[in-house]
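One structure below.
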Number of protein chains: 2
Amino acid sequence: MELDERKIKILNSIIQTYLITGEPVGSRTISKYTDLNLSSATIRNEMSDLEEMGYIIQPHTSAGRIPSDKGYRFYVDNLMKEKVAEVDEVKEVFLQKADKIDRLLKQVAKLLAVNTNYATMISGPQYKRNKIKFVQLSRVEADQLLVVIMIDGNIIKNRLIQVRQEVGEEEVAKLNIVLNTYLQGLSLMEINMELVQRMKVQASEYQEIIREVIDAIAVAVQEEDDLEIYTSGTTNLLSYPELNDKEKARALISTLEEKKELTDLLLNAPDDDEGEKRGIQVYIGSETPVTSMKDCSIVTATYELEEGVQGTIGIIGPKRMDYKKVVGNLQTLMNQLDEIYKKK
Amino acid sequence: MELDERKIKILNSIIQTYLITGEPVGSRTISKYTDLNLSSATIRNEMSDLEEMGYIIQPHTSAGRIPSDKGYRFYVDNLMKEKVAEVDEVKEVFLQKADKIDRLLKQVAKLLAVNTNYATMISGPQYKRNKIKFVQLSRVEADQLLVVIMIDGNIIKNRLIQVRQEVGEEEVAKLNIVLNTYLQGLSLMEINMELVQRMKVQASEYQEIIREVIDAIAVAVQEEDDLEIYTSGTTNLLSYPELNDKEKARALISTLEEKKELTDLLLNAPDDDEGEKRGIQVYIGSETPVTSMKDCSIVTATYELEEGVQGTIGIIGPKRMDYKKVVGNLQTLMNQLDEIYKKK
DNA sequence: ATTAGCACTCTAACACGATGAGTGCTAACA
DNA sequence: TGTTAGCACTCATCGTGTTAGAGTGCTAAT
């Protein structure tokens, strides 16, 4: 059987209506509120076909139809014309220029959650590919040093290290010079053992400290489990009747709170492909890798602050989420980010 | 009417039973499972009295009784003998010695949530009374400086500042000396204008930078809105039937997510009074200052890591929460904290 | 190919009665 | 005077039966 023009129109109608009402839609509704001028009986036949083809589902014998995952997928891929989003507020928020990046991310998450009325999550940027801007060693106590590492993108990490031998101010100053001469401008991957050896030679009796510092840098920069994920609006999900199985809702919000499971989702996001849809990905129902979200849909987008500093934003809602709006929102958000961070 | 020995025993029985079952308890249950050897009829009379006195409530005519807020209050104040908690795991967690304090707090929150099956919240420590351990100024770009501030308790704050005039490495070194000579060992309150003036004189043409740095310190140290609050186990609350009004549950979890409203609760916690109950506070039902938690009880405790570095932990559960266990848990937790941080 | 009409199915909503837990009251008892 | 047995009463809960309405699938007519 083929998906002809008319079937597509009907399918679109069904999905549109369902997105708004959240209730199964019947043949009569479609017949009345479409410009096709067909009787409900005809629609019924078409719907029967659509069901057979797997685009829609009947929850029970005498109910209307609701879109299946396949139906939503078709909608997202072919029928949806993106809305130009009305998120001008975004700009406002960014102009406050939150200096600390995590605060910014929290704001974005919240803004999106309020705007869309879905749950949002956002992962902090990954630094791995980044270069060390400078390293600063300071003496706290005789046997305690503070390492401050600044990475491209003005991200600052601190690390406190204990050393066995005592060090004085002058040595610290000397070490600072060594460290910066060798490390500045390097990414973590570029720090190899040969380099470390050379540094150790330079540091003469303070080899151990060099080793400690390198370790600290590695930990601070890599810090896989430091992947911060901020969520917002999780309780929005409680207001969608299709998710009101209590146990499921609980599991869902729990995953959002735990955050562990979300990492996969956010890290495996596709790269920014710079096309119209720039790294925007839609998971529908069982397409998502997280089991507790089988009844939801997730839209993710990859943002990039500066070269190589990138993270992911995700929006979680019911399968009948307003895909247009969500995608639109994300798109403008990405643009805003570009505008502010890249053109700066 | 007086609350005699027998009435107290009965009240205690009712509360105990209700804590376990979560269902209204009837006269017959008490008569059977108490060593008072009284018939249900007698119990009924007594219960009638207790109701009149306001300690218990009848949800509807033909149901058993449940404790009122007043009843719980009496229980907490007079009847409860604290359980010695079985939170030896706490020690384990602490020994991992999470170097970053916020990670530690998250762990504690989670541990408590898992242990008690209630929701927990924990506020990061307040630094206000703390002394500056050292200040470190570093040159990032010609017109961009990084201020690293370390406070007692090894808490590190970073601040990036823009300056109008350009500064070279030597000036930064000089400024560092000035800053540390004047500021080391001072608390924010002790930095007065006179001191700032003296520093400015020393810094000669770099007065502006001194001002900027002081500002940065003030912001970084004070940072009221930076009060981090971590929550955990919020979804635990969904499993208590008495909180399953959907709208209420939503509001409740929402407050926990928003965190704004929690600040009052956590900041106004009473000081550590070093007695047996060391700063542990119990809010029952309508006693709490947060409206969405009218149907819950909250237990808060104040912890202190080092002199002056203190914050608050809160546990939120249904009114029939296991007060003994919660208070016990918090108490051992406090002790552990003391042991590890103070005796060090 | 489309449509009107009809029989059929299924859910949601409501009423009804049975059940049982629990109470309050009264009268008898120690 | 305190305690208890007994009984009538209340009320939430649960299962059942009924009804209304929405929606379908099929068939026959257009």
Side-chain angles (χ1 to χ4, degrees), chain A residues 1-11 13-15 17-18 20-68 71 241-242 244-245, chain B residues 1-11 13-15 17-18 20-68 71 241-242 244-245:
Chain A
M1 202 172 324
E2 214 197 336
L3 204 59
D4 58 16
E5 187 71 19
R6 197 170 70 178
K7 282 191 173 52
I8 291 180
K9 266 195 178 162
I10 292 173
L11 179 58
S13 265
I14 293 175
I15 297 182
T17 317
Y18 183 68
I20 296 163
T21 64
E23 310 235 299
V25 358
S27 52
R28 202 146 162 279
T29 321
I30 299 297
S31 136
K32 265 198 296 189
Y33 300 105
T34 319
D35 49 1
L36 289 167
N37 280 328
L38 293 172
S39 82
S40 65
T42 315
I43 305 288
R44 275 204 287 285
N45 291 330
E46 295 287 37
M47 279 165 94
S48 180
D49 290 351
L50 283 170
E51 179 162 19
E52 201 180 320
M53 289 189 267
Y55 290 104
I56 51 181
I57 291 175
Q58 216 175 359
H60 57 260
T61 340
S62 94
R65 308 299 215 285
I66 61 175
S68 68
E242 56 264 60
N244 69 3
D245 174 304
Chain B
M1 202 171 327
E2 213 197 337
L3 203 59
D4 58 17
E5 188 72 19
R6 198 169 70 177
K7 282 193 173 51
I8 292 180
K9 265 194 177 164
I10 292 173
L11 179 57
S13 266
I14 294 174
I15 297 182
T17 317
Y18 184 68
I20 296 164
T21 64
E23 310 235 298
V25 357
S27 53
R28 202 147 161 276
T29 320
I30 299 297
S31 136
K32 266 198 294 188
Y33 301 104
T34 320
D35 49 0
L36 288 167
N37 281 328
L38 293 172
S39 82
S40 64
T42 316
I43 305 289
R44 276 204 287 284
N45 290 331
E46 295 287 38
M47 280 165 91
S48 180
D49 290 353
L50 283 170
E51 178 161 18
E52 199 181 322
M53 287 188 266
Y55 290 104
I56 51 181
I57 291 174
Q58 216 175 0
H60 58 260
T61 340
S62 93
R65 309 298 217 284
I66 62 174
S68 68
E242 55 264 61
N244 68 3
D245 175 304

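Excluded from the calculations below are hydrogen atoms, water molecules and symmetry mates; all remaining heavy atoms, backbone and side chain alike, are included.
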task: Write down the atom of A/Ser68, the atom of A/Gly54, and the distance for their closest heavy-atom approach.
output: OG-O, 2.6 Å
message: Of the listed nucleotides (D/dG25, C/dT3, D/dT4), which one gets closest to any side-chain atom of B/Asn45?
response: D/dT4
- prompt: Which whole-number value in Å describes the distance from B/Met47 CE to C/dG24 C1'?
  reply: 13 Å
Residue-phosphate contact under 4.0 Å: A/Ser27 side-chain N/O, D/dT24 OP1/OP2: yes
query: Looking at B/Thr42, does any N or O in its side chain come under 4.0 Å of the phosphate oxygens OP1/OP2 on D/dT4?
result: yes
query: Rounded to whole angstroms, how far apart are CD1 on B/Ile66 and P on C/dA21?
result: 20 Å
task: Return the value, rounded to whole Å, for the distance between atom CG of B/Asp49 and atom C1' of C/dT23.
output: 14 Å
- prompt: For C/dC25, does either OP1 or OP2 sit under 4.0 Å from a side-chain N or O belonging to B/Arg44?
  reply: no
Atom-pair distance (OH on B/Tyr18; C1' on C/dG22), nearest Å: 16 Å
- request: Report yes if the side chains of B/Met53 and B/Leu50 come closer than 4.5 Å at any heavy-atom pair, otherwise no.
  value: yes
- prompt: Can you tell me if NZ on B/Lys9 sees more than 12 non-hydrogen neighbours from other groups inside 6.0 Å?
  reply: no
message: Between P on D/dG25 and CD on A/Glu51, what's the gap in Å once rounded to a whole number?
response: 7 Å
- prompt: Hey, does B/Arg6 have a side-chain heavy atom less than 4.5 Å from the side chain of B/Leu38?
  reply: yes
query: Does OP1 or OP2 of C/dC10 have a side-chain N or O of A/Ser62 closer than 4.0 Å?
result: no
field: Atom pair distance, as rounded to whole Å: CZ in B/Arg28 and P in C/dG24
entry: 17 Å
statement: From CD of A/Gln58 across to C1' of D/dT24 the rounded distance in Å is 7 Å
- request: Take the protein atom CD1 of B/Ile43 and the nucleotide atom P of C/dT23, then report the distance between them rounded to whole Å.
  value: 10 Å
message: Run the side-chain contact (heavy atoms from CB on, under 4.5 Å) test on B/Leu3 and B/Tyr55 for me, step by step, so that the C-alpha distance in whole Å, both residues' side-chain angles and the decisive distance to 0.1 Å come before the verdict.
response: CA-CA 10 Å; B/Leu3 203 59; B/Tyr55 290 104; 3.7 Å; yes
- request: Report yes if a side-chain nitrogen or oxygen of A/Arg65 is closer than 4.0 Å to either non-bridging phosphate oxygen (OP1 or OP2) of D/dA22; otherwise report no.
  value: no
message: For a quick check of understanding: with a heavy-atom distance under 4.0 Å over all strands, which category does B/Thr61 fall into, base, sugar-phosphate or nothing?
response: sugar-phosphate
